[in-house]
Structure formats: C-alpha cells, structure tokens
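Contents: one structure, followed by commentary.
Letters A, B, ... mirror the listed sequences (proteins, then strands); counts begin at 1.
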2 protein chains.
Amino acid sequence: MARTDVPTRKRILDAAGKLFHADGIRAVSVDAVAEKSGLTKRTLYYHFRSKDDLIAAYLETRDQPNLALFQRWFAETEGTTADKVQGIFRQLSASARHPKWKGCGFLRTSVELIHLPGHPAILAGRAHKKRVEDWLCSVFEESRLPEDARLLARQVLLLLDGAFAVVLLHRDPSYMDSAGEAAAQLIRD
Amino acid sequence: MARTDVPTRKRILDAAGKLFHADGIRAVSVDAVAEKSGLTKRTLYYHFRSKDDLIAAYLETRDQPNLALFQRWFAETEGTTADKVQGIFRQLSASARHPKWKGCGFLRTSVELIHLPGHPAILAGRAHKKRVEDWLCSVFEESRLPEDARLLARQVLLLLDGAFAVVLLHRDPSYMDSAGEAAAQLIRD
DNA sequence: CAATGTATACCGACCAGTGAATATACTCAA
DNA sequence: TTGAGTATATTCACTGGTCGGTATACATTG
C-alpha cells in the first residue's frame with residue numbers, strides 16, 4: 001500500500017533485526033529476511049538499495065537505545081561512580097543469563113565483518129563504541145580528576161567489550177561480574 | 001606422491017591459514033583454498049573430510065604457538081609479576097602496529113561462528129582461552145595469595161580479549177597499552 | 001493517466017561436496 | 001629382476017542448492 005510506506009519498511013527492519021540477532025549477518029540471506037517479513041524480495045529491494053544498506057539501517061535502529069540503557073542502569077544505581085558503573089555490569093550479567101542473549105550486537109557484527117574495512121557495520125560499531133567511551137569519559141570528568149578520565153573510560157570500555165566477548169564465548173555470565181569488580185577497582189583506586 | 005603425504009596436507013593447511021587469517025573463515029571458499037594451495041578441490045577433500053574439518057585442523061596448528069608466545073613474553077620481561085604481565089600487553093601492542101595484524105585468531109573465529117554452538121571453531125576458541133586463563137592463574141598462584149589468583153586471571157583475560165576486540169575495531173594499538181596498565185594496576189593492588 | 005508499491009520469475013556467480021577415472025608408488029610372488 | 005596387484009594420491013567434471021540482485025509486469029491510489 002502506498003499510503004502506509006513506513007509499516008512496510010519497519011516490517012522488513014524488524015524481521016531483519018530478529019534474524020541478524022539470531023543467526024548473524026552473513027548467515028542471513030535477503031531471501032530469508034523477505035520471507036520472515038512476509039514480503040517479496042523485490043519489495044525489500046524497493047525499500048533498501050542493497051543488503052549492506054539494510055544492515056546499516058538495522059544498526060542505526062540499535063544505536064541510541066543501547067547507550068540509553070547503559071545510562072539508565074548507571075543512573076538507577078545508588079552509590080559512588082564506581083558503584084554506578086558496576087551497576088551496569090551487574091545488569092548486563094543478569095541479561096546474559098537469558099539463554100538467547102548474544103552479547104553486544106555492534107561488537108559481534110563488527111568482528112564478523114572486520115575483514116571488510118569500509119563496511120557500514122564496521123563504521124557503525126566504531127561509532128557506537130566511541131559514543132559509549134565518550135559518555136563514560138564525561139561521567140568520570142564530572143566526578144574525578146580530569147586527566148584520568150579518558151584513560152579510565154578506555155579501560156572500562158575494554159573490560160566491557162572483553163566481557164561481551166568472553167561471556168559469549170564461554171557462555172558464563174559470571175565473567176561479567178568479574179569485569180564489573182575490576183572496573184570498580186580501577187575507578188575507586 | 002605417496003611417500004610425501006605430509007607436505008600436501010601442510011600445503012593445504014598453510015594456504016588455508018593465510019586465507020582464513022586474511023579474509024575470515026566464512027568468506028573463504030574451499031575452492032579458494034584449493035586454488036591457493038595449487039591443488040584440486042577433490043584432493044583437498046581427500047585429506048580433509050569437510051570444510052569444518054579443515055578449520056579444526058587449522059586452529060589446532062595455532063593453539064600451542066600462541067600460548068607459548070605469551071609465556072615467552074612473560075618470561076623475557078624483567079620485574080614483578082605485574083611488570084611481566086604488562087610486558088605481554090606491550091609486545092601485543094607492538095605486534096598490533098603491523099598493518100596486517102588481525103587480533104586473536106581464536107577470538108575472531110569464535111565470534112564469527114558464535115551462532116553455530118557446536119562448531120569446532122567455538123570449541124577450539126573456548127579451549128584456547130581456558131588454557132591461557134589457567135596458565136595466568138598458575139602464574140598468580142605462584143606469586144600471590146591463592147584466593148585471588150583465579151579472579152585475577154579472569155580479569156586479565158577480560159582485558160586481553162577486550163583489547164583484542166577494541167584494537168581491532170578501532171585500529172588503534174594504544175588501547176592495548178591502556179589494557180596493560182589496567183592489568184598491572186589490578187595485579188599490583 | 002501517472003506515480004508508487006508489490007509480485008512472479010529469473011539471472012549469473014558461487015557454494016560445499018561428490019562420482020568416476022587416472023596416476024603414482026609400494027608389495028610380493030615367480 | 002620383473003611383472004601383476006593393490007593402496008594411496010590426484011585430477012576433471014559435475015551436482016543440487018543458495019547467494020545478492022534484477023527485468024518485467026501487475027495492482028493500487030491520487
């Protein structure tokens with residue numbers, strides 16, 4: 001239907017999101033996305049120029065919500081900055097207990113496509129990680145001596161992404177808690 | 001030649017190794033490996049039951065050398081345990097400056113294939129990471145109070161893998177140094 | 001009519017894996 | 001020593017299937 005352009009596009013993005021999350025980007029064919037969304041492949045190619053275009057659009061929809069979640073978890077935790085950061089890890093640890101948990105979509109997707117340097121997914125992943133780091137940095141600048149803030153933000157990001165990778169690989173959420181403790185220790189120190 | 005079975009198999013593994021490292025496992029076709037090794041695909045399938053079998057054999061060849069490298073870097077660095085661990089990160093930081101550096105093959109491959117739970121590459125990655133962690137744990141047990149050793153080993157592993165992922169994604173080896181500093185700080189503390 | 005959106009059917013390229021035949025080297029009996 | 005037999009090693013040509021992407025025609029709506 002011509003009037004209802006948005007729902008069609010959204011249906012495609014929703015279907016793509018589910019499939020990409022479940023099986024990875026490379027493994028999901030455009031045919032599969034079309035079938036899952038109940039539309040024809042040709043219709044999909046009417047709304048998206050290419051599969052890469054679809055991937056980019058899919059990642060865009062995930063960027064802000066992801067950071068917002070971290071910010072909410074940070075804000076909702078009582079205590080020092082170290083406690084609040086550890087709160088993020090604790091919430092992630094709880095999330096990771098769900099059997100369908102697949103870690104950080106940006107990290108996963110970026111590593112999956114790391115061999116294609118200019119790929120939109122790499123750029124999206126890079127931008128997302130930078131956004132998280134910058135937010136952490138601003139948080140530390142507000143509550144601590146400024147010269148440590150950038151380094152500290154980087155180190156917390158390293159622990160965060162390390163935990164995403166290791167928890168995913170070992171299927172053991174307790175690594176997320178170990179990462180949270182390490183982060184708290186680095187911040188407190 | 002029947003007498004010289006080993007070289008053929010090795011030629012295939014070498015070719016596969018180069019291609020897998022350069023382009024990723026999924027992206028490399030069996031045809032490509034066959035062509036690179038100067039043999040026919042059918043010959044490849046004579047020596048390896050399947051592509052997965054080839055992948056598993058390829059990863060096996062990378063397991064011990066990788067850990068041995070860490071151990072060498074650890075042993076060759078002077079100073080405290082914290083210094084020695086930081087030495088590993090420093091060496092990795094130097095390695096990461098080579099333009100062809102692609103991070104940890106086990107981590108990259110495991111994340112690439114994470115959606116296939118029983119895949120040999122996942123099992124190999126898991127086993128490799130466990131081996132590194134166990135080695136770190138034994139190192140810490142020898143030089144520190146035993147109850148902290150396991151947690152510390154896990155946290156260093158988290159920093160290590162976080163750095164592998166973040167350095168790869170951002171193409172910025174200095175994250176490896178930040179990880180090393182964090183590790184040293186956790187150990188010293 | 002004309003623009004937008006959707007569908008059927010198809011393309012060439014590539015994928016992992018295989019069938020059948022062939023070449024090479026080793027074994028052992030005459 | 002030689003020649004037949006056998007296991008190993010390799011090749012060419014192929015299969016069924018999937019991939020991303022498209023040519024073309026049909027439908028709906030203003």
Notebook entry, point to check: So what does A:Val33 touch, heavy atoms closer than 4.0 Å: a base, only the sugar-phosphate, or nothing?
Noted result: nothing

Checklist line | First encountered from the 5' end of DNA chain D, between A:Ser50 and B:Lys41 | finding: B:Lys41

Margin query: Could you check whether the side chain of B:Arg42 and the base of C:dG17 have a donor-acceptor pair of N or O atoms closer than 3.5 Å, going by distance alone?
Written below: no

Next item on the list: Respond yes when some side-chain nitrogen or oxygen of B:Thr8 is under 4.0 Å from OP1 or OP2 of D:dT10, and no when none is.
Entry: yes

Item checked: A:Lys10 and A:Asp14 ion-paired at < 4.0 Å -> yes

Next item on the list: Please evaluate the base of D:dG21 for a donor-acceptor partner in the side chain of A:Lys51 within a cut-off of under 3.5 Å?
Entry: no

Item checked: Close residues, residues 12-25 of chain B, relative to DNA chain D [heavy-atom separation under 4.0 Å] -> none

Check: Does B:Tyr46 put a side-chain nitrogen or oxygen below 4.0 Å from OP1 or OP2 of D:dA9?
Finding: yes

Check: Is the distance from OP1 or OP2 of D:dT18 to the nearest side-chain N or O of A:Ser29 less than 4.0 Å?
Finding: no

Margin query: Among residues at least two apart in sequence or on other chains, which ones pass side chain to side chain contact (heavy atoms under 4.5 Å, CB included) with B:Ala16?
Written below: B:Phe20, B:Val33, B:Leu54

Notebook entry, point to check: Is there a salt bridge (Lys or Arg N to Asp or Glu O under 4.0 Å) between B:Asp172 and B:Arg97 once you walk through the steps?
Noted result: CA-CA 8 Å; B:Asp172 179 355; B:Arg97 277 176 176 79; over 6 Å; no

Notebook entry, point to check: Do A:Arg108's NZ or CZ and the ring of A:Phe164 fall within the cation-pi criteria of under 6.0 Å and 45°?
Noted result: no

Margin query: Which nucleotide wins on minimum distance to the side chain of A:Asp31, given the candidates D:dT10, D:dT11, D:dG20?
Written below: D:dG20

Notebook entry, point to check: Does the side chain of A:Thr43 get closer than 4.0 angstrom to OP1 or OP2 of C:dG5 through an N or O atom?
Noted result: no

Next item on the list: Tell me which nucleotide among C:dT8, C:dG19, C:dA16 gets nearest to the side chain of A:Thr40.
Entry: C:dT8

Below 3.5 Å, can you tabulate the donor-acceptor pairs from side chains in residues 115-124 of chain B to any protein atom, sequence neighbours excluded?
{"unit_1": "B:His115", "atom_1": "ND1", "unit_2": "A:Ala22", "atom_2": "O", "d": "3.0"}
{"unit_1": "B:His115", "atom_1": "NE2", "unit_2": "A:Gly24", "atom_2": "N", "d": "3.3"}
{"unit_1": "B:His119", "atom_1": "ND1", "unit_2": "B:Ala121", "atom_2": "N", "d": "3.0"}
{"unit_1": "B:His119", "atom_1": "NE2", "unit_2": "B:Asp52", "atom_2": "OD1", "d": "2.8"}

Checklist line | Distance-only side-chain donor-acceptor flag, B:Thr77 / B:Arg90, under 3.5 Å | finding: no

Item checked: Residue B:Tyr45, side-chain atoms from C-beta onward, closest of D:dA9, D:dT11, C:dG17 -> C:dG17

Notebook entry, point to check: Does a nitrogen or oxygen in the side chain of B:His47 sit under 4.0 Å from OP1 or OP2 of D:dT10?
Noted result: yes

Check: Just by distance, do the side chain of B:Ser95 and the backbone of B:Gln91 share a donor-acceptor pair under 3.5 Å?
Finding: yes

